[in-house]
Every structure is written in structure tokens, then in C-alpha cells.
Amino acid sequence: MSAMNFIEQIRQRDRVFDFIQPQASSRLDVSHGNILYLEDISVSFDGFKAINNLNLYIKEGELRCIIGPNGAGKTTMMDIITGKTRPDTGSAWFGSRINLLELDEPEIAEAGIGRKFQKPTVFENHLVVDNLELAMAGNKSVITSLFARLSAAQKERIDEVLETIGLKDNKYRLAGSLSHGQKQWLEIGMLLMQNPKLLLVDEPVAGMTHQEMDRTAELLKSLAGQHSVVVVEHDMDFVRSIANHVTVLHQGSVLAEGTMDQVQSNPKVVEVYLGE
Amino acid sequence: MPLLPALRSAILLFIFSIFFIGQASAAPVADETEFKQLLNGFTQKSFAAKANTAQQVATSGHPKAKQVLEAMAESRLYFRKSDQLVVFADKDGRSYVLTDIFSNETLGTFSRREVSKVKTNNSLRAKLGKMVAEIELKHPDASVRLAAVEAMIPKLKEDDADLFGSLIKEEQDESVKKALQFGIYIGYLDSSKKERVLNAIEALDGELEPIVRNKLTSLANNSDDKDIKKAAKKSLKGIESKISIFSNLETIYFGISLGSILILAAIGLAITFGVMGVINMAHGELIMLGAYTTYLIQQAMPNHTTASIFLAIPAAFCVSGMVGIAIERGVIRFLYGRPLETLLATFGISLILQQLVRTVISPQNRTVETPAFMSGSIDINPIFALTYNRLYIISFCILVFIALFFILKRTRLGLQVRAVSQNRSMAKAMGVRSDWVDAMTFGLGSGVAGIAGVALSQITNVGPNMGQSYIIDSFMVVVFGGVGNLWGTLVAGLSLGVANKVLEPMAGAVLAKIMVLVFIILFIQKRPRGLFPQKGRAAEA
Amino acid sequence: MLDKALMNDRLIFDKKTQSFLAILTAVALLVSLLNTFVPEGHILHCSTFTVTLLGKYLCYALLAVSVDLVWGYLGILSLGHGAFFALGGYAMGMYLMRQIGDRGVYGDPLLPDFMVFLNWKELPWFWHGFDMFWFASLMVILVPGLLAFVFGWMAFRSRVTGVYLSIITQALTYALQQAFFRNEMGFGGNNGLTDFKEIMGFDLQSDATRLGLFLCTALALGLGYMACRYIVCSKLGRVAVAVRDAESRTRFIGYRVDKVKLWIFTFSAILAGIAGALYVPQVGIINPGEFNPINSIEIVIWVAVGGRATLYGAVVGAILINYAKSTFTGWLPDAWLFALGGIFVFVTLYLPKGVTGFLNRKQEQLA
Ligand SMILES: Nc1ncnc2c1ncn2[C@@H]1O[C@H](COP(=O)(O)OP(=O)(O)O)[C@@H](O)[C@H]1O
Ligand SMILES: [Mg+2]
């Protein structure tokens, strides 16, 4: 029932949830149309080139899917964007003003990049609601945290997200006791609370039922426009259902780019996926 | 009357020795009766005559000659008034105990009246000293000659140098020759002839014997001659820089030996902590158990110090290894993946082991005897010597390191250990008995700690607290080197050891230690994973 | 309903806290009454010796609470909290030393005895100001706080975590111990500071002063406990737990993990310092032995025995172990270390939530 309700809401494309209003980030400059610039990025681990001369541009408000065989370097790419891994060479810019390579993880998060991890990592010893509260956009300094009180608006926002991710009835459960799929949703919820300008979503539908996958697809599509979304996924049906623009990563660099159909008919891609 | 034959023989001897330059010291031994007659010369009153006699005795080549002259110089040479027999005499209260010069037999006690001293005066005594020296300088045995030369060098005068000069011509033995030559130059340093002094300074350039340095210093400060002063100063500078090089070498040597101790103490930890990720706070106590094993074995076989040490090595390995396996099976295996809890539990074990030793053996420190082969040193030059005990520790450390390296890189156990440490579940799936591997690895690390204990028992006291004094150092070494890397442990141990010893003279031992600790604390901040960090995703756990 | 029950847990004054405060107040009052009004010799009389002993326990309890704050809630296993305790103690000891004035053995009006003994002519610069109580009190807070701040700033910024952090905290206290052993440091070397006479003009040997110190300690424990309670109930407390459980995740949602750690660690060090400052006048001595790494690791075991991440568990653990220690060492001195070692092993293996956790579970099972 609530799911139906939710989809109904989603369908109303013209309606803009206030929680998805992007936070005005003063420094973010997307006047050139792109929100993310990755240029000539290379990373190697003990001589193994995980990312090899990667170039990738994400437009503002775009929903981009990235596919590629295991070990193609998709997660590593996200690690670079979010500051977890430093590239050996290349540059990474968020908008045309923010040099990601100069920032550390919290600064990047603050600048407006949110990430859902491949392996769902929620705060297991916290309640679901606490997980959302912690992720909520806002001043995250020590002093503010020490004296923070949830305002009515914030509580409302948490409830809204809970509704969106279908965990309303689990509000006061320990996150550690959720099922795998529920944890995925909770992570997405945390991402929503963070309200970033750019969302990096790593394999969001692993462990989800088909219905849930549909819901996720809808959600991601609804986020695009206001936000830029980069989705990494293996499930081709899912990718087909959401993306109009797909990038194929192979051995650390871009193999092909285009619509799903273009990509799928690309002989190089076929070779990579089906083997020589 | 009795003088003549002696004189004759002396002259003979002289000629003889000239003919036999080669075996200068192998002068023919005067036969006993002749020598006895010669000794009678000492009963004369005149000092000149006595000097003459002494000279003849000295050149007689008789084995007792030296003893006689020494006794004379010490006023121990007497003659019996009754038969003019020259003897050794020792005062015993108011009377004298006489000893026969040749047979060494006691001739009985005599009153003061019955004996008479072979009196000497200052100039005679000075001559005697020189004669005694000369006897040795011409001794057939080269090592005796060498010792005699070396003994003379500290008090050498210019005329001694001349004596050496004549000796060196006849000398065949290289090392004696060298010593003589050295002595000559030392003597020349005191010369009044400028030429000689300058020559000597030049020739002695770079010599490290303290006496050279002393004499040069006094020349540099007190000489009236400008050139000599300058030359001495220059040479002194060279010597001092050489000395500082060698004292640096010595510091490094001490540092390396301390480093070896650190490595020995830490390397077991490098295995348990580095390879298995287990924090074993009882590591120090496993070292202690090894040391106590050494002590107990030595108690059991008190007369075989050397054997007991060699026996202790495998025994300590077994004892500590067994205890280690027991700890692993009994406690640690329930705590894998919870490093902080492991730390606490093993700390508890360390308390128990300490108290066990206190209760069962004694709370007092014990000393383990060092076998004879470990004392002594190799003297590289007068100011730099490699002591054997340090040398053995260093070589022992190298051996242990190589053995461990071999085990971890080349054996099946090593392969399995690495497999388990990289991916436990995968290794399990491949049929590795990870339980067994854990126990063996831990046993290996613990056994090595026991071996370290054997080594430590040779350099410090063995006591219940000894483990604690090494645990922090060991952790520092492992952490500094980078976990999971034996090379890292090696480099870290050596550099910390050397750093400690370099800082010590500047800051004192305690402060040096503090400085090293502070350095590591700062270092860890910069490179949290040590000198040789583990890379890859495994490191991020 | 569920809502309410869970939200209650977040109340600063939850049930456990209420009981803790009630018990603390009751003990403080009872001890005062039994010490002052019940005549000596009566079975109910609480001797001044006992008062001081209890005061000591409460100092330990405060210290344990400070460790629980960083270990239980933040996941930092500090093996160096004894150092902050000792530094607070030394700051107080220096004040007490200056209070001796010319009543020392050597009767020097300015220099403490050990300096006269070392033939020092002048008071070292860092001893100035310690004749004033307010200055000493400030130092009790500042010195451990500053050390923790500098140490933490470097360690947390470069992301030293887990056992590495534990080991360098241990190295820190070890280095300090070595340093304080040195006579040249000017803190009395091996013997430390002792032979105190009075504090703020009150005779340290008098019963009233002793009781006063005990009450101050109880007050400090109460306040310190509540401050910690406030922190762990705040959003910052939840961030701390998030850091403990998933540090890098916390970073990715925008929290400056290093700052969170730094401030809580520093606060905890200050609490430890205060505990040390209250401890010294009651036991009458402070020496480098307090820096011994074993002491620091023992504090951790108090917390483990009582139960991590509960605060009250730390108090229970500290009192329990120290009570056991006092009785044991008097009775079977050899056995104590066996017992302590055994406790370390037993608690980590079988009582991961400590005694209070165990009791709570029993209670739930009954209910
Ligand atoms: N920190 C790391 N250390 C070593 N190798 C890594 C690290 N991160 C990624 N890799 C390697 O880089 C390659 C790309 O990994 P990843 O980005 O996770 O691929 P995927 O496209 O499946 O997400 C893999 O072979 C992986 O083993
Ligand atoms: Mg991936």
C-alpha cells in the first residue's frame, strides 16, 4: 500500500520534495554544464593499474550509469572522487572550481558529494532514525553536534525519508538488525538526508527484490535533474530501466559511452562481456 | 780470580752473537758452573764491578739471568757470608729465608748477620732495568721480544730508541720489527734534534696509540720550535679525525649489537603481530621464559657452561613455543578479529606468567654465566675492538633471521601462513587447516621469543620483570618497521639500535631512550603503517 | 510506546543515571555522618582511614569513567590514561609541595627538600606559580589537556588507529615515566613529591580535611559523570559511536573524525587529570610509578570488568577491582597478580559486556 502511495508521489514529476532541494553550495560552479571532471586519472596498486588514464565528465542533473566487468575499477573510481584513494596522476574537479584532490573525505562530503557503498555500511549500533539523523545535511562540527537538538522540520524530514525508503515501521530498530536489502535502503536514505549535489551509488540493488529494484529505479530517476547521479550496477535490466547514458569501464579506462543500445551493440563491449 | 773465565765467556758470547746475527737472541747458554762463578762477582763492594758483573749476567743468555737481575733491582739478591753463595732472600720478620737460585729450593732461615745484601744504587738500578729489558729484547721467543718492546714503549726515552735501532737490524720477526720501529719513532719524539722529531712526526702520522697522541699534544703545546709545533698540530688533527671515525664505528658497532638484541626480541612479535595480526602482550614473558630455561639448564649442569648454552637454545624454543601454543589454543583463538580484546587478555597472561616465575623460582634476579668463548675481543686497532659477546649476538641474530626468513618464504608452513594471513576463508576453502596454521605460527613466534631469551640471558640479569622491559621496545620495532614485514623489522631494529647508541653520549641513556620513543611516536603520525607498509586492501581492515 | 522506551534511553537522567547519582549521594552523606557523628570505637563508625580509602576509589572511578568515554564510546583503547592522571597528580603535588614552605627537613622557605638535596639554588621556572591554588588547579586541567590535545592532534590527523594508537599511547606514558625518573627533570626523581603538610591552609592529616577531600571527590565524580553522560547523549555522542563502529563511513557523511576524537580525547584526559589531582592529597604522594604502563592498562580492565560504554559500569569496575585488590593484597599478596591476570582473561573471553552487562541480562531474563 505504502509502496503504491510512494510511487504515486514519485509519478508527480513536477513536485519537488524539499529534502531533495540541493543545498546551495557557495563554491560549486557548474556554469560550464559539467559537475564532475575526471581527467587522465591513473592509479596503480603495487604495479597493478586499477585505473588507467580515465576520462569522465558528468553533466549537471545527469543520471549516468557505469557498467563494466568485475575489477574494471568502478569502485576505485568512486574512491578517487570521494577522497578515499589518491590518484597517481590526473585531475579531478567538482564543478569548475573545486579541486577534489585538495580535499579530504569530510570536505568532499561537505562540498556536496554523497556516496552509497557497494557493501552497505550503516551504523549498526544506532537506530535507523539515528543513522538518518547523523547523515542529515547541516553543520557537522564538534560543537554544533554537542548541542544539537532536532527541530520539528528536521524530524519531519527524517519521517519523509523514512517513508521514501520504506522503513517507517523500523524507525526505532537497530540498524544492525535490518536485512541486507533494508540496509541498502537505509544507505540510500542516508544519502537522501545528506542531500548532496552529486550522488555516487555503488551497486544499489544487490540483495533487493524486483519490486524494490523498481522502486529504486524510480527514486534514482526522480533524483536526477535536481541532482547528478552516478550509478554503478551489474544488473543490466536495472541499468536499462534507468539510464539513457551509459559508460562502460574496462581495465581502468572508458571502453565505450552512449545509450544502452549503442553500447550493447558495440563489438568491443560484446567482446569484453562475452569473452573472446 | 773468578772473574777471568767469566769475562772470557762474555767476550766469547759477544763475538758469538755478532756471528749469529740471525739468531741474535739464541745466544749459547752459559753452563751452570760458569754462571755461578759469574754471580760471585756480585759479592764485590764496588758498584762498578757489580755493574760489570750484571752486564755479563745479562749477556750470558742463562735462563736465570733475568730473574737474578730483577731480584737485584728489587733488593732481593743476597749472598751467604759463610760460603759467598749468591741467593734470593725474602725477609721474614727479623731473619731471612734464602732460596737457591738454580734449584728454587729453600735453603733455610738465616739471621741478618749471616747474610749480606747485594747493594745497589740509583744508577745501578737504572742500568739493571735496562739490562732486564734487553734480556727479553733478545729472547729467542719472538712473542717475548714483542711483549718486551711493547712494555718499554710507554716509558721510552731517546736512548732506548737508539737501542731499538741497533736491535732492529738484527730482528727477523715482522711484528717485532714493526713494534721496534714504532718505539724508535716514539723515542725520537723526545729528541732534541729537530730533524729526528719532524721525521718521527711524519712517520707516526695516523697512529692511534694513545701515547702518540699524548706526545704529539705535548709537542704541539710545549715545543719551542715553530716547525715542530706546526707538524705536531697537523698530525694531531689527522689522528683526531681518525679517532673520531673509529669512535663512530664503535658507536655503530654498539648500535648494531643493540639493534640485534631489539631484532631478536621483536622478530617473534613481527610474526605473531605482523603475520597473524595478533597483539601478544605476553611476548616479553615468553622471552623471559626462554631466559629462565637457560638459567635452569645451567643450574642443572653447572660445570658445562658452554654446553648448557647450546642446549638452552632448542630447549628455550620448545618451552616458549609450547607455552605460546597453549596461549593461542586456550585464549587467543577465541578472540581473532578483536585485536583490542586480544591485547587485554594476553596482558593478563603476562601478569600470570610473571607471578608464576616469582612464586616458583624467585622474585630476585638471577645471573646466567657467560661461556668462556664469548669473552674477549678482536682488537682492530688500539682504540677499536670488537667484543666477542656482541659479535656473537649479532651473528646469532642474523642466523635466526635467516632461518625465519627461510621458514616463511620457502617451507610449506610458510606458504600456508601467508595464505591464511591474506585471506583466511579462502585459505580454508583451499584445504588449509587454518587452526593448525594459527597454532604453528604462534608457536613459531613464541619459540623465537624463547631463543631471544637465551641471547638476552647472556647480556642482562634474568628476572621476572625482564620481559616488560623489552615489550615496548619490541612493539616499537615492529610498528616502526611496518607490520607484516620481516625486512622492516630488521631495518627498524638496526636503525633504532644505532640511533639509541648515537644519542646516548650526547644525551645520556635515559634521555636517548625517551628521544627515540618520541621520535617513533612522531614517526607513526607521519607514516601510520611504518617504514615498509603493507599495501592493498588487506591493509585497510 | 516503543518510541518512548527507546527515547528514554537517550535521556541524560535515565534510570541508571538516577540510581548512580542516588547511590553516590547516599554514600557521601552516610560516610560523612558515620565519620563525624558516630563516636570512634562504635561498630558503625567510619574511620578516617576508610574515608580516605573510599576517596581513593572514587578517584579511580572518575579515571575509569574518563577511559570509558574514549574506549567505550569512541573506540580508542588508550593505554596511556595513567599519564594524564599522573600529570594532574603532579600539578597538585607541586602545589602541595610549595605549601610545605619552610617546614621541610632542610627548612628552605622556597625550595622543596629534594631540590635542596640536589644542591639547586633556584626554583626552576616551571615551579613558579604553583604556590597559588588557582594556578595549580588551572594546570591540573591545562597540562593533561594540552598533552592530550597535541598528542591527539597529531595521532588522529594522521589516522593512527586501533592497536597502533594503543601502542603509542603506551609508549607515551612509558617515555614520561622514564623522564620523570630523572632527577634533572625537577620533579623529585624516583621519590616523587611527598611529605605534604596542608592544602589551602587545612591540615592534610586532620579528619575534617580528609572528609572534605572525600566529598570533593564524590562531587567531582558526580559532575564528571554527568558531563560524560551529557556528551554521550548528545548527537556528538552518537557521532562518537559511529566513529567507533565505522570510522571511514562517518567521514564520508561529512564528519571530521579527527576533531571528534581530538575533543573527546582531550576532555577525557582532563577528567583523568582531575582524578589525579584529587588522588594525590589523599594518598599523600605522587611518584613516577604512576606513569607505569601497567597502571594504565589496569584502568582499562576496570572498565572491561564493569562493562564498556555504560559509564556506570566503569565506576562499578573500578571500585570492584580496587576493593578486591586491597583485600587480596593484604590477605594473599602473591595471589593478587594471578587473580588480576585471570580477570583479564576471563572478562575478555566470557564477559564481553562486563559484570553490569551480565547482571542486566540476568535481570531481563527474569523480567
Ligand atoms: N586498495 C587497493 N589495493 C589493492 N588493489 C586494489 C585496491 N583497490 C582496488 N584494487 C584493485 O583494483 C581493481 C579494481 O577494483 P574495483 O574498483 O573494486 O573494481 P569494480 O569495478 O569491480 O568495482 C581490482 O582488481 C582490485 O583488486
Ligand atoms: Mg565494485
Side-chain angles (χ1 to χ4, degrees), chain B residues 273 277-279 281-282 327 330-332 334-335 338-356 358-359 363 464 468-469 471-473 475-476 478-479 483 508-530 540-541, chain C residues 71 75-77 79-80 151 153-182 184-185 248 292-294 297-298 300-301 303-305 308 333-350 352:
Chain B
F273 181 34
V278 166
I279 310 296
M281 293 297 277
I327 294 174
V331 177
I332 291 176
F334 302 109
L335 297 171
R338 288 156 63 195
L340 299 184
E341 273 86 347
T342 316
L343 193 158
L344 293 178
T346 49
F347 183 78
I349 294 171
S350 84
L351 290 183
I352 295 176
L353 287 176
Q354 270 175 41
Q355 191 57 32
L356 201 67
R358 266 189 215 114
T359 319
Q468 292 207 322
S469 36
I471 184 75
I472 291 187
D473 287 337
F475 268 119
M476 289 299 122
V478 175
V479 166
V483 170
V510 179
L511 212 56
K513 197 155 186 189
I514 296 171
M515 282 158 81
V516 169
L517 277 176
V518 170
F519 164 75
I520 294 175
I521 292 175
L522 294 178
F523 177 85
I524 299 271
Q525 327 263 346
K526 273 281 145 235
R527 301 196 49 173
R529 306 220 168 259
E540 284 166 22
Chain C
W71 186 36
I76 298 173
L77 176 56
L79 298 182
F151 179 84
W153 186 72
M154 294 191 296
F156 302 140
R157 202 180 43 131
S158 43
R159 304 196 182 164
V160 182
T161 54
V163 288
Y164 288 87
L165 189 64
S166 303
I167 289 168
I168 61 168
T169 52
Q170 189 174 40
L172 174 76
T173 186
Y174 182 64
L176 281 170
Q177 184 188 21
Q178 297 296 318
F180 272 74
F181 266 131
R182 289 160 46 89
E184 299 81 13
M185 279 285 285
S248 76
N292 193 335
I294 296 188
I297 207 166
E298 240 189 89
V300 174
I301 211 63
V303 178
V305 165
R308 278 174 75 181
D334 270 359
W336 169 243
L337 279 179
F338 282 126
L340 188 66
I343 291 172
F344 270 91
V345 178
F346 181 81
V347 168
T348 42
L349 283 183
Y350 302 109

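Chain naming here is simple, since letters A, B, ... match the order of the sequence lines and numbering starts at 1 in each.
Contacts of B/Leu356 with chain C are made by both backbone and side-chain atoms, with heavy-atom separations under 4.5 Å. Residue C/Leu176 does not touch chain B at all, counting heavy-atom pairs closer than 4.5 Å.
Here side-chain hydrogen bond (donor to acceptor under 3.5 Å, both in side chains) pairs that include residues 159-174 of chain C, with residues two or more places apart or in two chains, are A/Glu105-C/Arg159, B/Lys513-C/Tyr174.
A 4.5 Å side-chain heavy-atom check between C/Phe338 and B/Thr359 finds at least one atom pair inside the cut-off. Side chains of B/Val478 and C/Ile167 form no contact here, defined as non-hydrogen atoms less than 4.5 Å apart. Between B/Leu343 and C/Leu79, some side-chain heavy-atom pair lies under the 4.5 Å cut-off. Looking at C/Phe344 and B/Ile352, their side chains never come closer than 4.5 Å, going by heavy atoms from C-beta outward. When side chains are defined from C-beta on, C/Ile297 counts as touching B/Met281, because their heavy atoms get closer than 4.5 Å.
The main-chain N or O of C/Ala335 is never found under 3.5 Å from a side-chain atom of B/Gln355 such that the two would form a donor-acceptor pair.
Screening B/Leu340, B/Leu344, B/Val331 against C/Thr348 for a side-chain contact (heavy atoms from CB on, under 4.5 Å) leaves a single residue, B/Leu344.
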> Could you walk me through whether C/Leu337 and B/Arg358 pass the side chain to side chain contact (heavy atoms under 4.5 Å, CB included) check?
Replying inline: CA-CA 10 Å; C/Leu337 279 179; B/Arg358 266 189 215 114; 3.3 Å; yes
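Checked against side chain to side chain donor-acceptor pair (under 3.5 Å), C/Gln177 has no partners two or more places apart in sequence or in another chain.
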